[in-house]
Amino acid sequence: MARIAYFGPEGTFTEQAARSLTGAGDELVPFETIQLALAAVRKGETEGACVPVENSVEGVVPATLDGLAEQEPLIAFAEALLPVHFSVLTRPGTTEIRTIASHPHALAQVRLWVEANLPGAKPVATSSTAAAAVAVQAGEFDAAVTAPVAVQHYPLEVRATEVADVRDARTRFLLVRRPHGPLPEPTGADRTSIVAAAANRTGALAELLTELAGRGINLTRLDARPARTYGEYRFFIDFEGHVAEPRIGDVLAALRRRCRDVRFLGSHPRADGVRATIEPSAGNADFVDAADWVAAVRRGEQA
Ligand SMILES: O=C(O)C(=O)Cc1ccccc1
């Protein structure tokens, strides 16, 4: 049985993701912010933490990216991909909706629906979708935009379901832990994540990407975030493959040489099961064969 922190309170999308990534015997512990959930696993209060990382409409979750790039290293060892549509909840008997509260990512994904269905309602940001439900229950706001499961946790009335301006929106969540013990086994459908601080000079980012492109490695995400000093950036790069594979080990070694700083954020199976694209002459067997050939040349066996 493991204790797993998650971005709560109860009834968030992240709780749903955490449930899908853990077993029935595991204990899920809610934290009010992403930073607190990550701090819990860093301090060893929990064995893991589940946090959202990116959304197909709103993009990255900055608190998660910055939280993984800074302080003691954490490793993502599993991910979940959830379809995201919302419910609108009010206190029973509410007739007029003047304020509508939610996590900023949720508000951004229902803006058109609110304009069309609740004209004049003022959006108010809360720390999470479930925190909005708590605030509505306490009478602070009139309506909350929540995960469909939130109504099972809070005594509120469902005013609308399946609310989403963009159909098929998805959010990806990570289960992270401190770097100890073995990594998940490679499956052929894996994702590796790093954060790199490239030198501040012409072509530095292009050089990093060329290392990946030259080995036929397909990127799945590239984001830049400020490195806390004005004008300096960190690059978050996700790509297909697992560090256990020779072709991925080879590119990580090259990135380590080229970057001022590179942090490994994990290799784990992709939630969507998409298998890695392998370009001609860039498969693992090609890398092993090439390394064997060099070793043979060094032994003087091949001239
Ligand atoms: O607030 C939540 O429920 C979260 O888990 C974060 C979030 C917010 C909006 C869409 C997906 C995840």
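Throughout, numbering of the chain's residues begins at 1 and tracks the sequence. Start at 1 and go down the list; that is how both ligands and their atoms are numbered.
Nearest non-hydrogen protein atom to atom 6 (C) of ligand 1 is F7 CE2, 3.8 Å. Of the protein's heavy atoms, T14 OG1, 3.5 Å lies nearest to atom 4 (C) of ligand 1. With respect to atom 7 (C) of ligand 1, the closest heavy atom belonging to the protein is F13 CD1, 4.3 Å. Nearest protein heavy-atom contact of atom 8 (C) of ligand 1 is H103 ND1, 3.6 Å. Of all protein heavy atoms, the one lying nearest to atom 1 (O) of ligand 1 is T129 N, 2.7 Å.
Residue T12 touches ligand 1 through backbone and side chain together, judged by heavy-atom distances below 4.0 Å.
Checked for salt-bridge contact, R3 and E47 miss the test: no charged N lies under 4.0 Å from a carboxylate O. Remark: R270 does not engage D238 in a salt bridge, criterion side-chain N to carboxylate O under 4.0 Å. Note on R191 versus E79: salt bridge recorded, some NZ/NE/NH1/NH2 to OD/OE distance being below 4.0 Å.
The only option from T129, L156, T94, V136 that meets the side-chain contact (heavy atoms from CB on, under 4.5 Å) definition with L89 turns out to be L156.
F13 and Y6 have their aromatic ring centers separated by at least 6.0 angstrom.
Under the 6.0 Å distance and 45° angle rule, R247 does not count as a cation-pi partner of F287.
When the heavy atoms of H85, H105, R172 are ranked by distance to atom 9 (C) of ligand 1, first place goes to H105.
Interface of S128 with ligand 1, defined as ligand atoms under 4.0 Å from a residue heavy atom, comprises 1 (O).
Assignment of T171 to the shell around ligand 1 is supported, since a heavy atom sits closer than 4.0 Å.
When all heavy atoms of V243 and S267 are compared, the closest pair comes out as N-OG, 3.0 Å.
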